[in-house]
Asker: 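So that we are looking at the same thing, I have put the structure below in structure tokens.
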Amino acid sequence: MTILREALVLVHLVGFALLLGGWAAQAIRRAYTTTLLFRIGLGIMIGSGLLLAIPFPAGIQLDYVKLAVKLVVALAIGGMFGVVITRERGGKPTAGPFWTIGALILLNAVIAVFWH
Ligand code: HEM
């Protein structure tokens with residue numbers, strides 16, 4: 001069961017790489033829109049994160065306040081995807097919500113690492 005948790009952490013980190021990498025690839029060419037990579041990355045983060053929230057192997061201690069905050073931030077990222085897509089269709093500027101997505105991705109990584 002330990003190896004399963006470790007494999008899920010690896011999947012979670014691959015999702016993080018896709019999400020932040022997808023965002024950074026757009027940011028660097030100043031194209032403030034979302035791509036399929038964003039959605040795949042966030043889907044992996046939420047899917048693997050929820051599986052990691054299951055308390056296994058036996059005896060593991062999980063901080064459910066921390067995990068709830070991470071879930072709320074992840075859902076807010078999804079909401080911001082919607083804002084970017086709607087604004088893009090309406091021909092409105094997308095930079096604001098796009099940078100907010102980057103800040104929220106980083107916020108969740110900071111919470112993951114620094115919240116004990
Ligand atoms: C954009 C969304 C997210 C980002 C950027 C993110 C980032 C990370 C990172 C960098 C780690 C590894 C660092 C560490 O273990 O200290 C981690 C671990 C973890 N994440 Fe996330 N995460 C996200 C979403 C979620 C969600 C939605 C959940 C569950 C509700 C979740 C649950 C966990 C758990 C349980 C671990 C610890 C794994 C372990 O050591 O057993 N994450 N996350």
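In each ligand, atom 1 is the first atom listed, and ligand 1 is the first ligand listed.
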Asker: Provide the protein N, O or S atoms situated under 2.8 Å from atom 21 (Fe) of ligand 1; waters are not included.
Answerer: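 Only His12 NE2, Lys70 NZ fall inside 2.8 Å of atom 21 (Fe) of ligand 1.
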Asker: For Ile77, which part has a heavy atom under 4.0 Å from ligand 1: side chain, backbone, both, or neither?
Answerer: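 The answer is the side chain.
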Asker: How far is atom 30 (C) of ligand 1 from its nearest protein heavy atom, and which residue and atom is that?
Answerer: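 That would be Leu67 O, 3.6 Å.
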Asker: Which residue and atom name correspond to the protein heavy atom nearest atom 41 (O) of ligand 1, and how close is it?
Answerer: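 That would be Arg5 NH1, 2.8 Å.
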Asker: Show your working on side-chain contact (heavy atoms from CB on, under 4.5 Å) between Met45 and Ile77 and close with a plain yes or no.
Answerer: CA-CA 11 Å; Met45 293 320 285; Ile77 294 172; over 6 Å; no
Asker: Hey, does Thr86 have a side-chain heavy atom less than 4.5 Å from the side chain of Arg89?
Answerer: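 In short, these two side chains do not touch, never coming nearer than 4.5 Å.
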Asker: Using only atom types and a distance under 3.5 Å, with no angle test, would you say the side chain of Lys66 pairs donor to acceptor with the backbone of Ala112?
Answerer: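 Side chain of Lys66 to backbone of Ala112: a pair is present.
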Asker: Check whether any side-chain heavy atom of Phe16 lies under 4.5 Å from a side-chain heavy atom of Ser48, and answer yes or no.
Answerer: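 Side-chain contact under 4.5 Å: no.
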Asker: Between Leu71 and Leu50, is there a side-chain heavy-atom distance shorter than 4.5 Å?
Answerer: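 Counting from C-beta outward, Leu50 and Leu71 do come under 4.5 Å.
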Asker: Side chain to side chain contact (heavy atoms under 4.5 Å, CB included) with Leu18: which of Leu36, Leu42, Leu37, Leu13?
Answerer: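 Exactly one candidate clears the test, Leu37.
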Asker: Please classify the Leu19 to ligand 1 contact at 4.0 Å (heavy-atom distances, strictly less than): side chain, backbone, both or neither.
Answerer: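 Just the side chain.
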Asker: Nearest protein heavy atom to atom 40 (O) of ligand 1, by residue and atom, and its distance?
Answerer: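 Checking every protein heavy atom, the shortest distance to atom 40 (O) of ligand 1 gives Val9 CG2, 4.1 Å.
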Asker: For the pair Trp23 (side chain) and Trp99 (backbone), establish whether a donor and an acceptor sit closer than 3.5 Å, ignoring hydrogens and angles.
Answerer: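 A pair under 3.5 Å: no.
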Asker: Below 4.0 angstrom, counting only protein heavy atoms, does anything approach atom 21 (Fe) of ligand 1?
Answerer: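 Yes.
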Asker: In the protein, what heavy atom is nearest to atom 12 (C) of ligand 1, and what distance, to one decimal place, separates them?
Answerer: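 For this ligand atom, the closest protein heavy atom is Leu13 CD2, 3.9 Å.
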Asker: Would a 4.5 Å heavy-atom cut-off, applied to side chains only, mark Ile101 and Leu104 as touching?
Answerer: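 A side-chain contact is absent here, since even the closest heavy-atom pair is not under 4.5 Å.
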Asker: Can you find a heavy atom in the side chain of Leu62 that is under 4.5 Å from one in the side chain of Ile54?
Answerer: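 Leu62 does not reach Ile54 side chain to side chain.
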Asker: For a 4.5 angstrom cut-off between non-hydrogen side-chain atoms, does Phe38 reach Gln26?
Answerer: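 They are in contact (side-chain heavy atoms under 4.5 Å apart), so the answer is yes.
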Asker: I need the atoms of ligand 1 closer than 4.0 Å to a non-hydrogen atom of Ile105, numbered in the order shown.
Answerer: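 Answer for ligand 1: 5 (C).
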